[in-house]
Amino acid sequence: MSVQTQKWLFTVQEYHLMSDAGVFANERVELIEGEIIQMAAIGTRHASSVKRLTRCFSLIPEELATLGVQDPIQLTEKTEPQPDVVLLQPRADYYATAHPVPSEVLLLVEVADSTVDNDRNIKVPIYARSGIQEVWLWDLEVNCLEVYRNPTANGYTSIQKIERGEMVSPLAFPEFEVSVNFILG
């Protein structure tokens with residue numbers, strides 16, 4: 001007799017209760033569509049790119065955007081990823097009362113080396129379904145930036161690849177330019 005196995009999918013509330021109870025100890029995990037996913041270790045090049053992005057985006061005045069680094073974003077009742085960098089709409093409480101939701105995200109950035117396929121094929125479509133207006137995926141394997149804009153339920157309708165030597169600006173801050181060379185190092 002064959003027995004069918006089923007996954008137990010968690011809600012954000014259950015995930016937070018487990019975290020508060022110390023279930024994950026010092027593990028780096030995130031909740032993706034109800035599943036608790038162990039995040040990859042952060043390599044030196046990944047960490048450097050996040051630092052460079054943080055430095056660039058810290059130049060945007062705080063009354064225009066709140067900068068978040070590796071902080072949770074609650075997309076749905078079953079999904080709470082921790083993207084590398086986000087620019088958020090300013091909130092008086094600096095998000096002390098609740099994690100940001102998609103409507104508050106001005107730009108979401110993932111930096112990927114060993115996880116590029118997962119980020120591109122799993123996370124980016126989830127971000128589109130959630131209505132995140134713009135996602136940048138820094139692909140450290142091939143040294144380029146993928147810019148995703150115009151979200152729909154079926155993905156982003158605008159996808160642009162930006163190479164070394166080029167500049168890019170977030171939709172929310174068109175006058176603010178980021179150097180691909182600087183971020184990639």
Side-chain angles (χ1 to χ4, degrees), residues 28 30 32 37 39-73 75 79-91 95 100-185:
R28 294 184 64 241
E30 59 187 353
I32 305 295
I37 307 295
M39 297 170 71
I42 297 175
T44 54
R45 186 148 184 248
H46 181 282
S48 175
S49 294
V50 171
K51 286 176 182 68
R52 290 167 188 265
L53 284 162
T54 303
R55 174 69 180 119
C56 282
F57 290 139
S58 68
L59 300 175
I60 295 174
E62 69 177 317
E63 64 271 9
L64 300 178
T66 297
L67 175 62
V69 180
Q70 297 173 337
D71 295 333
I73 304 289
L75 300 180
T79 301
E80 191 177 84
Q82 296 179 35
D84 289 302
V85 179
V86 291
L87 290 177
L88 303 166
Q89 292 178 357
R91 231 172 54 186
Y95 295 90
V101 296
S103 62
E104 296 170 309
V105 177
L106 302 171
L107 172 67
L108 185 145
V109 182
E110 293 283 3
V111 176
D113 40 21
S114 63
T115 63
V116 70
D117 290 335
N118 183 68
D119 288 348
R120 183 182 295 119
N121 301 323
I122 306 290
K123 286 185 171 182
V124 168
I126 291 170
Y127 295 146
R129 285 193 303 273
S130 299
I132 303 289
Q133 293 301 305
E134 183 173 19
V135 173
W136 290 3
L137 175 60
W138 290 89
D139 184 341
L140 299 182
E141 287 184 349
V142 297
N143 292 314
C144 74
L145 167 64
E146 296 172 16
V147 176
Y148 297 85
R149 295 175 173 160
N150 305 322
T152 71
N154 297 319
Y156 287 92
T157 61
S158 173
I159 303 169
Q160 184 180 12
K161 197 174 247 191
I162 314 286
E163 305 285 342
R164 281 191 179 274
E166 296 183 75
M167 304 290 279
V168 64
S169 296
L171 285 175
F173 304 100
E175 71 290 343
F176 184 81
E177 290 189 313
V178 176
S179 163
V180 173
N181 286 353
F182 177 70
I183 302 305
L184 291 176

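- R120 has a carboxylate O that lies under 4.0 Å from a charged side-chain N of D139, or vice versa, which qualifies the two as a salt bridge.
- Screening V105, L107, L108 against V135 for a side chain to side chain contact (heavy atoms under 4.5 Å, CB included) leaves a single residue, L108.
- The closest donor-acceptor contact from the side chain of T54 to the backbone of V50 lies under 3.5 Å.
- At distances below 3.5 Å, not a single donor-acceptor pair connects side-chain atoms of N150 with backbone N or O atoms of T157.
- Atom CG of D84 and atom NZ of K51 lie 11.0 Å apart (nearest 0.5 Å).
- Of the possible donor and acceptor atoms, none in the side chain of S130 sits under 3.5 Å from a partner among the backbone N and O of I132.
- Among all heavy-atom pairs drawn from P100 and P72, the shortest one is CD-O, 3.4 Å.
- Atom CD in E177 sits 11.0 Å away from atom SG in C56 (nearest 0.5 Å).
- Using modelled atom types, one side-chain atom of S179 and one backbone atom of F182 make a donor-acceptor pair closer than 3.5 Å.
- Looking at every heavy atom in both residues, A128 comes nearest to P151 through O-CB, 3.5 Å.
- Here the closest heavy-atom approach between residue S103 and residue Q89 is recorded as O-NE2, 3.3 Å.
- Between E110 and D119 the shortest heavy-atom distance is CB-OD2, 4.1 Å.
- Residues L75 and I126 are in side-chain contact: their nearest non-hydrogen atoms beyond the backbone lie under 4.5 Å apart.
- Taking CD1 of I32 as the reference point, atom CD1 of I122 lies at 9.0 Å (rounded to 0.5 Å).
- Inter-residue side-chain proximity for Y95 and D71 is flagged as unmet; no heavy-atom pair is nearer than 4.5 Å.
- Between I183 and N181 there is no side-chain heavy-atom pair separated by less than 4.5 Å.
- Inter-residue side-chain proximity for V180 and W138 is flagged as met; some heavy-atom pair is nearer than 4.5 Å.
- Under the salt bridge (charged side-chain N to carboxylate O under 4.0 Å, His left out) criterion, E134 pairs with R149, not counting sequence neighbours.
- Interatomic distance, CD of Q133 versus OH of Y156, reported as 7.5 Å (0.5 Å rounding).
- Of the charged side-chain nitrogens involved, at least one lies within less than 4.0 Å of a carboxylate oxygen, so that K123 and E30 count as a salt-bridged pair.
- Side chain to side chain, Y148 and Q160 fail the donor-acceptor criterion of an N or O pair below 3.5 Å.
- Under the 4.5 Å side-chain criterion, counting only non-hydrogen atoms from C-beta, L88 is in contact with I73.
- The number of heavy-atom neighbours closer than 6.0 Å to CZ of R55, taken from other residues, nucleotides and ligands shown, is 12 or below.
- No side-chain heavy atom of V147 sits less than 4.5 Å from a side-chain heavy atom of I159.
- Atom CZ of F176 and atom CG of L64 lie 11.0 Å apart (nearest 0.5 Å).
- Counting heavy-atom neighbours within 6.0 Å of E63 CD, excluding the residue itself, gives a total above 12.
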Step by step, would you call L67 with S58 a side-chain contact (heavy atoms from CB on, under 4.5 Å)? CA-CA 7 Å; L67 175 62; S58 68; 4.2 Å; yes
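- Side-chain atoms of H46 come within 3.5 Å of backbone N or O of V111 as a donor-acceptor pair.
- Note: M39 CE to N118 CG = 10.5 Å, rounded to the nearest 0.5 Å.
- With contacts defined as side-chain heavy-atom distances shorter than 4.5 Å, the pair V168/W136 qualifies.
- Considering only heavy atoms from C-beta on, S49 comes within 4.5 Å of L140 through its side chain.
- Nearest heavy-atom pair across S114 and E141 is CA-OE2, 4.3 Å.
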